[in-house]
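One structure is given below, encoded as structure tokens.
Naming: A, B, ... by sequence-line order, numbering from 1 per chain. Computation of the quantities below employed the complete heavy-atom set of this structure, encompassing side-chain atoms and omitting hydrogens, waters and symmetry-equivalent molecules.
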2 protein chains.
Amino acid sequence: MDDDLKTIGEMCDEFDVTPRTLRFYEAKELIAPKRDGTRRLFTRACRARMKLILMGKRFGYSLEEIRQLLDLYYIGDQQVTQIRRSYALGLERLARMEAQRDELDAAIRDFRQQLKWGEEVLARSGLSRAAE
Amino acid sequence: MDDDLKTIGEMCDEFDVTPRTLRFYEAKELIAPKRDGTRRLFTRACRARMKLILMGKRFGYSLEEIRQLLDLYYIGDQQVTQIRRSYALGLERLARMEAQRDELDAAIRDFRQQLKWGEEVLARSGLSRAAE
DNA sequence: CGTCAACCTGACGTAAACGTCAAGGAAAGC
DNA sequence: GCTTTCCTTGACGTTTACGTCAGGTTGACG
């Protein structure tokens, strides 16, 4: 049905990672490629998950946290209790993300202040052109 | 002159870290406590740096990156070229921080959407009380 | 004087996220 | 048929940021 399958090499090109990384993610059950005998074949679902994995990494989640996040995205037809647990987990994570963003905002404000101080140091340093 | 010096134990209480952590930071030249014979004595400057170190860690910098940041904070009377280099580095970092925050904002929006979807799943699951 | 708490210096252990190397299978081109 | 290329599975190495001992000092207290 959906057989736009990719080899490990093609995946590496697409996502700019090494084969080791993809095998590692499989070992950690973050992705589950099919097999042609012994060879891995990566489905469209794998690629979707890879995008999410790399997104997660960009803002500092561990692979284990990402695995849980992926479970949240792909719940399917499980028990409602399971969904509720995931939902609660999601709320927690949202709170953490918002806290993190607020800290980052504050840090950015501090940092801007620091840079203004740097500008003054440069200005008073006897040189007229601060940006050359 | 300024002799409000603290022992390692007092520092641990103040910053909620272990002695090992402080010794490690000294080994990595993030802080430079004085000595009374063999014992470490932490100055006010050390405590200021510790605050900045912990700040840096909170939003995901490595200790090595933090060490460079601290150099930016405590420039002193170095060459102006040096100051300029640090300043440029600071601008870069600010850009990175803002990009990170924007990604986080976007992720939070996505996530909120995801949670709304979860709420609907719960609502349609035949149960009236979604939060018990 | 003993000992107890708080400190010291190695030095080895650990978890995460892969890198790297060895040894081998399978298909594709010449 | 032989070589090259791409893939496979172990299995050990690496970095970061410490934890966790072992063994040795030192100052204060009873």
Quiz item: Just to confirm, is there a sub-4.0 Å distance from OP1 or OP2 of D:dT26 to any side-chain nitrogen or oxygen of B:Arg39?
Solution: no

Quiz item: Does any non-hydrogen side-chain atom of A:Met50 lie less than 4.5 Å from one of A:Tyr25?
Solution: yes

Quiz item: With respect to the phosphate group of C:dT9, does any side-chain polar atom (N or O) of B:Arg35 fall under 4.0 Å of OP1 or OP2?
Solution: yes

Practice problem: Evaluate the criterion salt bridge (Lys or Arg N to Asp or Glu O under 4.0 Å) for residue pair B:Lys6 and B:Asp13; output intermediate values, then yes/no. | Solution: CA-CA 11 Å; B:Lys6 296 208 174 187; B:Asp13 291 349; over 6 Å; no

Self-check item: pair B:Ile8-B:Arg39: side-chain heavy atoms closer than 4.5 Å
Solution: no

Quiz item: Reckon A:Lys28 has a side-chain N or O less than 4.0 Å from the OP1 or OP2 of C:dA15?
Solution: no

Quiz item: Is any side-chain nitrogen or oxygen of B:Thr21 closer than 4.0 Å to OP1 or OP2 of D:dG19?
Solution: yes

Practice problem: State, yes or no, whether a side-chain contact exists between A:Leu22 and A:Cys12 at a heavy-atom distance under 4.5 Å. | Solution: yes

Quiz item: Is the shortest distance from a Lys or Arg side-chain nitrogen in A:Arg67 or A:Glu64 to a carboxylate oxygen in the other one below 4.0 Å?
Solution: yes

Practice problem: Among D:dA17, D:dG19, C:dC18, find the nucleotide with the atom closest to the side chain of B:Arg20. | Solution: D:dG19

Quiz item: Do any of residues 7-14 of chain A sit with a heavy atom less than 4.0 Å from DNA chain D, and if so which?
Solution: A:Thr7, A:Ile8, A:Gly9

Exercise. Find the distance B:Asp16:CG to D:dC18:C1' and express it as a whole number of Å.
Key: 15 Å

Practice problem: Please test B:Ile31 against B:Ile53 for side chain to side chain contact (heavy atoms under 4.5 Å, CB included), starting from the C-alpha separation and ending with a verdict. | Solution: CA-CA 9 Å; B:Ile31 49 180; B:Ile53 292 168; 4.1 Å; yes

Quiz item: Thinking salt bridges, do B:Arg35 and B:Glu26 make one under a 4.0 Å N-O criterion?
Solution: yes

Exercise. Could you check how far CG of A:Leu22 sits from C1' of D:dC6, rounded to whole Å?
Key: 14 Å

Quiz item: So A:Glu10 and A:Thr7, side chain to side chain contact (heavy atoms under 4.5 Å, CB included) or not? Walk me through it.
Solution: CA-CA 5 Å; A:Glu10 292 164 340; A:Thr7 73; 3.6 Å; yes

Self-check item: N/O donor-acceptor pair under 3.5 Å between B:Arg44 side chain and B:Asp4 backbone
Solution: no

Quiz item: Just to confirm, is there a sub-4.0 Å distance from OP1 or OP2 of C:dC18 to any side-chain nitrogen or oxygen of A:Thr18?
Solution: no

Quiz item: Rounding to a whole Å, what distance do you find between B:Glu64:CD and D:dT16:P?
Solution: 8 Å

Self-check item: Angle between terminal axes - the helix from C:dA17-D:dT14 to C:dC30-D:dG1, 5 pairs each end, rounded to 10°
Solution: 20°

Practice problem: Respond yes when some side-chain nitrogen or oxygen of A:Tyr25 is under 4.0 Å from OP1 or OP2 of C:dA17, and no when none is. | Solution: no

Practice problem: Answer with yes or no whether B:Arg23 presents, from its side chain, a donor or acceptor under 3.5 Å of a partner atom in the base of C:dT9. | Solution: no

